2 protein chains.
Amino acid sequence: MIVLLLYLRSNILIMINLLSNLKIQVPDKIYIKDPESSDLGKRIIQHSILLIEEIGFDSFTFKKLGAKIGSNESSIYRYFESKHKLLLYLTSWYWAWIEYQLVFATFNMPDKKEQLFKAIDVVTKTIEEDVEFSHINEVVLNKIIINEYSKSYLTKEVDSENKEGYFVVYKRLIKRLSDMISNVNKDYKYALSLASTIVEGALHQHFLKEHFSSITDCNKDITPTEYFKELTTKAISK
Amino acid sequence: MIVLLLYLRSNILIMINLLSNLKIQVPDKIYIKDPESSDLGKRIIQHSILLIEEIGFDSFTFKKLGAKIGSNESSIYRYFESKHKLLLYLTSWYWAWIEYQLVFATFNMPDKKEQLFKAIDVVTKTIEEDVEFSHINEVVLNKIIINEYSKSYLTKEVDSENKEGYFVVYKRLIKRLSDMISNVNKDYKYALSLASTIVEGALHQHFLKEHFSSITDCNKDITPTEYFKELTTKAISK
DNA sequence: GTAAAAATGATAGTATTACTATTATATTTG
DNA sequence: CAAATATAATAGTAATACTATCATTTTTAC
């Protein structure tokens, strides 16, 4: 019985194991004090995810978060200089986590086409299972990424923040995917644009599915993953 | 000489002519008082576009706008109940204007493939010439759409606002494009998703080109239009 | 041409936001 | 156990996102 359970959830169990040794790396200029370094820091991350999902990023404030975790607004400011930086932290964490899965799941795959498909799987799927042993709820975080990610870069400060390295994780992920596209068809001229279209487009299709279902074909039967796999196949076919 | 000029700019001249008779229709629940109905209203629209482009939507306030146009904050509130509604107005106007061009430019084209290509042109290109006879600067508005459009729907109120009809113009545009895709290949299963990917994806590629050039192939030589035309061709090929 | 209606302007006020600064109190560590 | 560090509590500020009221100007209707 336990063996069967272990088998069914083996991927997740392996990941839990690795994650307990590995730390998802977020660019350190994003925070003032590393939230992973203390109990309060972890509670800030854990509950900010839940609160942003609950009330939306626009209504989210450090004061409300403080109330939720029974802590003081001023204490949260010692970790992040603004709610915008906290969002950058959460999004960087998310993409680093996705990147980790992408690398892990596609490692050593001899068939490059299969590898690319696996990668598309990872970057376009809905997160449905939460790695319960950490303070970060990935299912909820995935929802935040769909609803709020664009807000992290659609700002007047994007160029200076980009120079500071706040978006390196995301850009690295897109490049990895783009390389996998080129591995399948080295003559395809738009590997970077296709990679960025897949990642951003998948978030968008997930959003449309929830809120504007009349302008997407994605629904409970057709996933963004399916759509983007077939789009990619066609796009890079010779 | 004048004839030559007329010839070169004939598309624009025809548009000016039509636009002086036609009014771009925006869902009327978006505003309290129609800004097209008064001089102050037009100045609000004209200068909000310039100010949002200048300082970004997040820093934009009605007080600052009032200062720019030598009018009072309270007067602006008589036209729009919030800056969010003003953004909805601007985006609806923009998509209605794009829709108009799409319908106009593709009308009566017998070759359905050519028609689709023309439509992709219209929805993905950078706006470079401003119809100078109106108070709306379309070149600047296009930049705002690239930087701010997502913020108009990535909110907790999206479902209720959608029910109120605030996004009808955009959805209608996507449907038109989707129909054109189906006209070329009626068996293609993802016409709606492809249409929404093209429109949203083009805005995204324009943004990347400006701010994250390392993760797009688009640049001064390769346009999002070119990328999406070739992507579409491949996607719907049998 | 004037009276009524409508539009705009000026001023004031409110609750909230997004912080900074200071001081007090816990907690950890050497 | 003292010193260092972390957290909490409180206060304060300028700005935001409005609402309300009243005064003034402009438009329109007869």
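First the proteins, then the strands, lettered A, B, ... as listed; each starts at 1. Worth saying up front: this structure is predicted, and the values here are computed from it rather than measured.
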* C:dA6 phosphate, OP1 or OP2: any side-chain N/O from B:Ser38 under 4.0 angstrom? -> no
* Using the benzene-type ring in the case of Trp, are the ring centres of A:Phe167 and A:Trp95 under 6.0 Å apart? -> no
* Asked: Regarding B:Lys83 and the six-membered ring of B:Phe62, is the cationic atom NZ or CZ under 6.0 Å from the ring centre and inside 45° of its axis?
  -> no
* Asked: Parallel, tilted or perpendicular: which describes the rings of A:Tyr153 and B:Phe207, with under 30° parallel and over 60° perpendicular?
  -> tilted
* Rounded to the nearest angstrom, tell me the gap between atom CD1 in A:Ile44 and atom C1' in D:dT7. => 10 Å
* Any A:Lys33 side-chain N or O less than 4.0 Å from OP1/OP2 of D:dA6 -> yes
* Asked: For C:dT17, does OP1 or OP2 lie under 4.0 Å from any side-chain N or O of A:Lys64?
  -> yes
* Would you kindly compare A:Glu73 and A:Arg43 by the position of their nearest DNA chain D nucleotide and give the one closer to the 5′ end? => A:Arg43
* Asked: Quick one: B:Tyr77 OH to C:dG13 C1', roughly how many Å, whole number?
  -> 14 Å
* Structure fact -> Atom CG of A:Asn72 and atom P of C:dT23 are separated, to the nearest Å, by 17 Å
* Asked: CG of B:Leu51 versus P of D:dT16: gap in Å, rounded?
  -> 11 Å
* Asked: Whole-Å distance between C:dT11 P and B:Ile76 CD1?
  -> 16 Å
* Distance-only side-chain donor-acceptor flag, B:Asn162 / A:His211, under 3.5 Å -> no
* Within this structure, what is the CZ-to-P distance between B:Phe80 and C:dT8, rounded to whole angstrom? -> 13 Å
* Nearest-nucleotide pick for B:Lys83, side chain only, options being D:dT10, C:dT8, D:dA17 -> D:dA17
* To do: Could you label the plane-to-plane angle of the B:Tyr190 and A:Tyr227 rings as parallel, tilted or perpendicular, counting under 30° as parallel and over 60° as perpendicular?
  => tilted
* Residue B:Ser82, side-chain atoms from C-beta onward, closest of D:dC18, D:dT16, D:dA8 -> D:dC18
* **Spacing of B:Glu81 atom CD relative to D:dA17 atom P, expressed in whole Å** => 14 Å
* Reckon B:Ser74 touches a base, only the sugar-phosphate, or nothing at all at heavy-atom distances under 4.0 Å? -> base
* To do: Taking only the side-chain nitrogens and oxygens of A:Ser71, find out if one of them lies under 4.0 Å from OP1 or OP2 of D:dA8.
  => yes
* To do: Using atom CD1 of A:Ile32 as one end and atom C1' of C:dC19 as the other, report the distance to the nearest whole Å.
  => 11 Å
* **Closest to side chain of B:Tyr79, choosing from C:dT8, C:dC19, D:dA17** => C:dT8
* Can a side chain N or O of B:Ser75 be found less than 4.0 Å away from OP1 or OP2 on C:dG9? -> yes
* Asked: Hey, which of these two, A:Arg78 or A:Lys63, hits DNA chain C nearer its 5' end, going by closest nucleotide?
  -> A:Lys63
